Q: 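The following block contains the structure, expressed as structure tokens.
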Amino acid sequence: MSFTNQEKFVDHPRRWALRGDLLDFTAAPAWGDTTPAAVRFDPDHWLLIEDGRIVGRQAETPDDSWVRKDHAGQLVLPGFIDTHVHCPQLEVIASYGTELLDWLQRYTFPAERAFADPARSRAGAEVFLDALLASGTTAAVVFPTVHKVSAEALFESAAARGMRLITGKVLMDRHAPDGLRDDVAQAERDCIDLIDRYHGQGRLGYAVTVRFAPTSTPEQLAMAGALCRADASLYMQTHVAENRAEVAWVGELFPQARSYLDVYDAVGLLHPRAVLAHGIYLDDADRRVMVERGAHIAHCPSSNLFLGSGLFDWPGAPFAVSLASDVGGGTTLSLPRNMGDAYKVQALRGERLTAWAALHAATRGAAQALQLGHEIGGLSVGQVADLCVWDWAVGPVAQARDAVVRELHERVFAWMTLADERNLAACYVAGRPQR
């Protein structure tokens, strides 16, 4: 990496250009297609950035009015979008020996209780967002905790970095330990205050955040649905059909519901800005409802494998699917490593996930599912310059593999399988260098 003119590269020049191998998508690649026209690959091109947005991409070297940063021979991708991740769970990542419901009680809830302390929430948000950026993730849909201050800390920390972040205070008024329960009236007041202060401010968005159906009373779920109906610009995030024992529990708690998904649909929580994590155990009727409501599933392969939750039927999904780390159930914030795990999940199902489908789900596909395709997820003119530069291969094994690749999909698939945060050479949020 070197400068190609005499002007020193400062923190945030108004006009600058980046050289590298540019890769993004113009459409969704078809399942199983390794040579789709949707892939846009411009090796050794320049990306022109002005006032934090992309204003051009070209083969010709830009003139001396542009500050030039040379990443020749490196891969330039849109910043990744993690659509389901838990800020307070960095400390419980890689915890041993449990499935979902026991894992929550033994590891997750004790870690989340500490975020009642404002100083702890602030420190946790800082470490978490720095860790996302160090993994090449520049935008995320995030679970904080039930504490209002944990959402405030995330919003403030993301705003300071200029990140696109969607979050909201967790709603949880039953089946949770002391210190992690709210009540319907206070939770509603907290949500409304956070929405008024943060939603739509800069690059921040508010998500009505239901932990999962068992930890909210019917009254709280109805309140959450009312918030969504009152403002169609709000997001909604929750978990659904992750684990067989969880699905059975929901059936006991909500005997009137046709399915787990129906619990949410009945109160108005399914809509085009609804992000539901996992969705492993959805039936055909559920899938039709997902399509009708415009909601999408955040697929969490690392978490599903680690907790033994099950194998998500990606090619059978008629709705949008994005990729997510689900840390701390997942074992890494690195979305390339999650792409590798997603391939393994599908291989166990007898399917083959292409690098293009995986990469699209972490960039353009995620952005479109969040109705943010105009802003993030690509390297097109007009989009915000959230982007990352990656080494194609790091270490002797990856370098040996990269040296013998024969075509682009083979090279990208090998990168996806072998890369992690060590491959990240540079990260930019709205054109600002983050590392």
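Treat the numbers as computed from the prediction; the structure is a model and nothing was measured.
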Q: Just do the salt bridge (Lys or Arg N to Asp or Glu O under 4.0 Å) check on Arg287 and Glu292 with the steps written out, would you?
A: CA-CA 9 Å; Arg287 293 185 180 96; Glu292 290 166 4; over 6 Å; no
Q: Regarding Tyr107 and Glu91, is there a side-chain donor-to-acceptor distance under 3.5 Å anywhere?
A: no
Q: If I compare all heavy atoms of Gly168 with all of Ala151, which pair ends up nearest, and what's the gap?
A: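 In this case the closest contact between Gly168 and Ala151 is C-CB, 4.2 Å.
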Q: Apply salt bridge (Lys or Arg N to Asp or Glu O under 4.0 Å) to the pair Glu126 and Arg161, showing each step before the final yes or no.
A: CA-CA 10 Å; Glu126 293 288 316; Arg161 291 163 173 77; 2.9 Å; yes
Q: Can I get a per-line list of side-chain donor-acceptor pairs under 3.5 Å for residues 308-319, giving both atom names and the distance, sequence neighbours left out?
A:
residue : atom : partner : partner atom : Å
Asp313  : OD1  : Gly316  : N            : 2.9
Asp313  : OD1  : Arg349  : NH1          : 3.4
Asp313  : OD1  : Arg349  : NH2          : 3.1

Q: Just by distance, with hydrogens left out, do Arg273 and Gln371 show a side-chain donor and acceptor under 3.5 Å apart?
A: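 Present: a donor and an acceptor within the cut-off.
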Q: Charged N to carboxylate O under 4.0 angstrom, Asp51 versus Arg15?
A: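 Not counted as a salt bridge, because no side-chain N and carboxylate O are separated by less than 4.0 Å.
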Q: Tell me yes or no: between the side chains of Ser302 and Thr331, is some donor less than 3.5 Å from an acceptor?
A: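 Ser302 vs Thr331: donor-acceptor pair found between side chains.
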Q: Kindly indicate whether the side chain of Trp31, heavy atoms from C-beta on, has any atom under 4.5 Å from the side chain of Gln346.
A: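 Answer yes - side chains close enough.
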Q: Whether Arg244 and Glu99 form a salt bridge (side-chain N of Lys/Arg under 4.0 Å from carboxylate O of Asp/Glu) is what I want to check.
A: no
Q: How many angstroms lie between CG in Asn304 and CG in Asp326, if you round to the nearest 0.5 Å?
A: 7.5 Å
Q: Identify the heavy atoms of His71 and Gln74 that sit nearest to each other, and give their distance.
A: ND1-OE1, 2.8 Å
Q: Taking salt bridge (charged side-chain N to carboxylate O under 4.0 Å, His left out) as the definition, give me every residue that meets it alongside Arg411, ordered by chain and number, with sequence neighbours left out.
A: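 Arg411 satisfies salt bridge (charged side-chain N to carboxylate O under 4.0 Å, His left out) with Asp402 once adjacent residues are dropped.
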Q: Can you list the steps and then say if Tyr428 with Lys69 is a side chain to side chain donor-acceptor pair (under 3.5 Å)?
A: CA-CA 12 Å; Tyr428 301 90; Lys69 199 161 191 179; 3.3 Å; yes
Q: Answer yes when Arg422 and Asp391 have at least one side-chain N-carboxylate O distance shorter than 4.0 Å, and no when they do not.
A: no
Q: Before giving the answer on side chain to side chain donor-acceptor pair (under 3.5 Å), spell out for Thr83 and Ser322 the whole-Å C-alpha distance, their side-chain angles and the decisive distance to 0.1 Å.
A: CA-CA 7 Å; Thr83 54; Ser322 61; 2.7 Å; yes
Q: For Leu47, run the side-chain contact (heavy atoms from CB on, under 4.5 Å) check against Leu22, Val55, Val381 and tell me which one passes.
A: Leu22
Q: Under a 4.0 Å threshold between the charged nitrogen and the carboxylate oxygen, would Arg57 count as salt-bridged to Asp24?
A: yes
Q: For Asp70, is there an ion pair with Arg19 - N to carboxylate O distance below 4.0 angstrom?
A: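 Yes, charged N to carboxylate O under 4.0 Å.
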Q: Is it true that the side chains of Thr238 and Tyr264 contain a donor and an acceptor less than 3.5 Å apart?
A: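 Yes.
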Q: Would you say the ring centroid of His239 lies under 6.0 angstrom from that of His84?
A: yes
Q: When you check the gap from the basic side-chain N to the acidic O, do Arg258 and Asp286 get nearer than 4.0 Å?
A: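 The answer is yes: the pair qualifies as a salt bridge.
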Q: If we only count heavy atoms from C-beta on, is the Arg53 to Gln383 side-chain gap below 4.5 Å?
A: no
Q: Test: ring-ring contact (aromatic ring centres under 6.0 Å, His included). Region: residues 320-372. Which pairs qualify, not counting sequence neighbours?
A: Phe25-His360, Tyr343-Phe413, Trp356-His409
Q: Between Ser325 and Asp82, is the side chain to side chain donor-acceptor pair (under 3.5 Å) condition met? List the steps.
A: CA-CA 7 Å; Ser325 70; Asp82 191 336; 2.6 Å; yes
Q: Could you tell me whether Asp284 and Arg288 make a salt bridge, using a distance below 4.0 angstrom between a side-chain N and a carboxylate O?
A: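 Looking at Asp284 and Arg288, the cut-off is not met.
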Q: State, without any angle test, whether Glu152 and Tyr198 hold a side-chain donor-acceptor pair at a distance under 3.5 Å.
A: no
Q: Identify the heavy atoms of Ala27 and Ala38 that sit nearest to each other, and give their distance.
A: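 Of all heavy-atom pairs spanning Ala27 and Ala38, the closest is O-CB, 3.2 Å.
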Q: As a quick check of understanding, evaluate salt bridge (Lys or Arg N to Asp or Glu O under 4.0 Å) for Arg203 and Glu375, giving each step before the final call.
A: CA-CA 10 Å; Arg203 304 186 73 192; Glu375 178 193 335; 2.7 Å; yes
Q: Distance only, no hydrogens: is a donor on one side chain within 3.5 Å (strictly under) of an acceptor on the other, for Trp392 and Asn423?
A: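 Judged by distance alone, the side chains do not pair up.
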Q: Please give me the minimum heavy-atom distance between Ala419 and Pro336, naming the atom from each residue.
A: O-CB, 4.0 Å
Q: Tell me the closest heavy-atom pair linking His199 and Asp231, and the distance in Å.
A: CD2-OD2, 4.0 Å
Q: Shortest non-hydrogen contact from Gln237 to Val142?
A: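 Smallest interatomic distance, heavy atoms only, reads NE2-O, 2.8 Å.
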Q: Indicate whether the side chain of Gln368 and that of Arg364 have a donor and an acceptor atom separated by less than 3.5 Å.
A: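 Present: a donor and an acceptor within the cut-off.
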Q: Below 4.0 angstrom, N of the basic side chain to O of the carboxylate: do Arg211 and Glu112 qualify?
A: yes
